[in-house]
Structure formats: C-alpha cells, structure tokens
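Scroll down for the structure; my scribbles are underneath it.
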Amino acid sequence: MQTEYDGLPLKRTWKIWWELIRPHTLTAAFVPVLLGTVIALLEDGVNWLLFAAMMIASILIQAATNLFNEYYDFKRGLDTEESVGIGGGIVRHGMTPKLIMNLALGMYAIALIIGIYICAASSWWLAAVGLVCMLVGYLYTGGPLPISYTPFGELFSGLFMGFLIILIAYFIQTGDVSSTAILIAIPSGILVGLINLSNNLRDHDGDKAHGRKTMPVVMGRKNALTFMAIMFAFSYLWLVGLVLTGSVTAWILLAFLSIPKALAAIKGFVGKTQPITMVPAMKATAQTNTFFGLLMAIGLFISYLI
C-alpha cells in the first residue's frame, strides 16, 4: 500500500524499515546482555530463556529510542532530507510522525510485557530499574529538556545502555550483583557512551546552530576528540588492571584485538568537519564497542571452559 505525507511517497520496503531502527546502534544493546550473561555463567548456571527475553527487550528499547529520536528531531526541525546518519523515515520516505511514534510505543509495549516475565522469573525490584531505563530512553530526545540537548548524553547512554544492562543481565541469572560484574561493566559502559560521542562529533555544527549543548559543542570538537582517545585508552588499561589484580584471567585481554578499530575511529575524525566524511569513523566507534565486548565475552568463556 502506498500513501503520501507532505508529497513524499511512502515506500514500505524491508530496507527502509531496517534503516529506520539504525541497526548499527543495536550492538549497544546486544553486547552488554551477552557480556552480563557470560559473567553470570562463570559463577552460576544460565537460564537461556531469560537470556533470550533480556536480549529481545534490550534491542526493542534501543530501537524504540532511535525512533523517538527520529520523531523529535523532525518535530524540532533538526532532520532534513540531507541529514546524515538518520533513518529518514519521515523526511525521505514520507512516513508520518504519528506512525514513527506508534512504532516506538509498540516496541516499548512489547519490551514491557517481556519485562514482566523477567521480573516474575527473577525479582520485581527489576521493574523499577527497567522502567527508569525506558524513561531515560524516551527523555533522551523527548520531554521539555531532552538529555540529548545537554552535555550528559554520553553519560546517560553509557550508564543505562551499557553499564546497567550488563548488571541487569547478570542479576536475572544470579539474583545478585558481584564486584566482578561491576568492574567488567565499567569499560563496556564507557564504550557505549563513546558511540553517542561519535554521533555528536559528527553533528557538532548542526547541533551548535540549533542551540544543543552536547559535549562536543561545550568542549569543542578537538577537545572532545581528545577525550574520546583518552576514554578508549582508559578502557583498555582498565582490563590490564583487572588482570593484574586477579579479578579476571588474562583471557579477557583478547579485547585488545579491537584496538585497530579504536585507532581507526580516532584517525577518522581528525581534520574532518563535514558530517558525511565522519561516517566511517562513527562506524569504527560502534565496531570497537562490538568487538571489545564480544572479545571480552569470548575470553571469559574460555576461562570458564578451562
């Protein structure tokens, strides 16, 4: 069925729907759940049904957050047909804002139902934590003062979509939160926050023109890139510290194989000012998070096997 919105044809193809949820960001939901579950495997058994439920709910919340971002950026005039890095459902493919919002709310509804199952199988205390995570996902671009308009977007995304997701995934398997899980979750949370920072580096000029006070706007593009490099280095050195203190085995250092991606991310931003030229660096940042987390999980699983 074809309809139109503001003169633009509505093309409902799988590719448009796929781009709409910004799949490159979904690893920020996938990797923390996997990592938290593997940490739990080291100390206890794993309920794979709970793992699958947590994975689906986290991906739905991340996808819905992206749709909220699509909706509110259009409403506030930030997205145009020429905008880089957006799903473009409204400005390019003629989908109505109402459809985008309904899709987001539908994903939240499904995640909520799954969350009820997770709470019933583990602890109802998780209900409060889960609802806060969902609220933050909405408030990132929604509400009277969106988090994305402040310098704290990286902090909130890293804390709620990286750090806390690992601990929740661990908790539903073990019924507790260990110091080891917390320590391992720290660098993962940082790298999820850096995905957000890479987006804001790309959007620096447009955000500044529209009055957004993101971290790169407040710090300046050069200082924000320096901060990114420091945070990458800190994440890798943190793993060395965990090994030296005996918190984990040296197998976790497999994550160092992701360093070339981190270097590519930094180099990809150096000297760039046009959004389109920074897309490869953004992808490298997301890939660093993916490979770093997956390699950590593999390293931890190897230590479990031996």
Side-chain angles (χ1 to χ4, degrees), residues 18-32 62 65-66 69-70 73 78-80 82-88 92 140-141 148-149 151-158 161-162 187-210 212-239 255-296:
W18 181 242
E19 291 176 351
L20 191 61
I21 62 174
R22 307 184 192 184
H24 65 280
T25 68
L26 299 185
T27 57
F30 171 83
V31 172
Q62 178 64 53
T65 299
N66 292 338
N69 189 63
E70 187 96 5
D73 280 357
L78 295 176
D79 285 351
T80 67
E82 290 73 35
S83 296
V84 176
I86 64 172
R92 295 195 189 114
Y140 183 76
T141 48
S148 63
Y149 277 61
F152 306 111
E154 289 79 4
L155 174 63
F156 275 82
S157 60
M161 291 307 297
S188 180
I190 290 173
L191 292 186
V192 170
L194 292 185
I195 295 176
N196 197 324
L197 179 57
S198 72
N199 292 341
N200 289 335
L201 278 168
R202 178 202 62 197
D203 296 336
H204 173 274
D205 292 347
D207 287 344
K208 188 174 183 179
H210 285 88
R212 296 175 76 166
K213 302 296 184 182
T214 63
M215 184 180 290
V217 171
V218 172
M219 297 178 63
R221 182 183 279 118
K222 183 177 180 180
N223 289 336
L225 182 56
T226 300
F227 178 77
M228 174 183 274
I230 291 172
M231 288 296 97
F232 270 134
F234 177 86
S235 298
Y236 289 102
L237 291 175
W238 184 267
L239 297 187
F256 273 59
L257 294 175
S258 64
I259 286 179
K261 286 295 180 182
L263 294 176
I266 297 300
K267 292 178 181 178
F269 280 114
V270 174
K272 304 292 195 310
T273 57
Q274 295 301 314
I276 191 65
T277 64
M278 290 181 262
V279 171
M282 288 179 56
K283 290 182 178 178
T285 305
Q287 289 169 346
T288 303
N289 171 68
T290 302
F291 294 152
F292 184 95
L294 288 178
L295 289 167
M296 274 205 300

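What you see is a predicted model, and the numbers here were worked out from it, not measured in a lab. For the single chain, residues carry numbers from 1 onward in sequence order.
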Using side-chain heavy atoms (C-beta onward) and a distance below 4.5 Å, is [X] in contact with [Y]?
X      : Y      : value
Leu225 : Val270 : yes
Phe232 : Ile259 : no
Phe234 : Pro187 : no
Asp205 : Arg221 : yes
Ser198 : Phe269 : yes
Phe291 : Leu257 : no
Ser188 : Phe292 : no
Met282 : Ile195 : no

Chi angles and distances behind the side-chain hydrogen bond (donor to acceptor under 3.5 Å, both in side chains) call for Thr214, Tyr149: CA-CA 6 Å; Thr214 63; Tyr149 277 61; over 6 Å; no

For the [atom1] atom of [X] and the [atom2] atom of [Y], what is their distance to the nearest 0.5 Å?
X      : Y      : atom1 : atom2 : value
Lys213 : Lys208 : NZ    : NZ    : 8.5 Å
Met228 : Leu197 : CE    : CG    : 4.0 Å
Met215 : Glu154 : CE    : CD    : 4.5 Å
Thr273 : Leu201 : OG1   : CG    : 12.5 Å
Asn199 : Asp207 : CG    : CG    : 10.0 Å
Phe256 : Leu239 : CZ    : CG    : 6.0 Å

Do you know the tightest heavy-atom contact between [X] and [Y]?
X      : Y      : result
Ala29  : Gln62  : CB-CB, 3.9 Å
Ala255 : Leu295 : CA-CB, 3.7 Å
Pro216 : Ala224 : CA-CB, 3.7 Å
Leu191 : Thr288 : CD1-O, 4.3 Å
Gly162 : Pro32  : O-CB, 3.8 Å

Criterion side chain to side chain contact (heavy atoms under 4.5 Å, CB included) on Leu194 and Asn289, from CA distance to verdict: CA-CA 8 Å; Leu194 292 185; Asn289 171 68; over 6 Å; no

Between Asn66 and Glu70: side-chain donor-acceptor atoms closer than 3.5 Å: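 Their side chains do not contain a donor-acceptor pair, so the 3.5 Å distance test is not met.
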
Check: Phe156 ring centre within less than 6.0 Å of Tyr140 ring centre: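 Ring centres of Tyr140 and Phe156 not closer than 6.0 Å.
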
Donor-acceptor pair, side chain of Asn196 and main chain of Ser157, under 3.5 angstrom: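 Such a contact is absent between Asn196 side chain and Ser157 backbone.
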
Side-chain (Asn69) to main-chain (Thr65) donor-acceptor, under 3.5 angstrom: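 Judged by distance alone, no pair lies under 3.5 Å.
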
Residues Asp203, Arg212: salt bridge by 4.0 Å N-O rule: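 Salt bridge flag = no for Arg212 with Asp203.
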
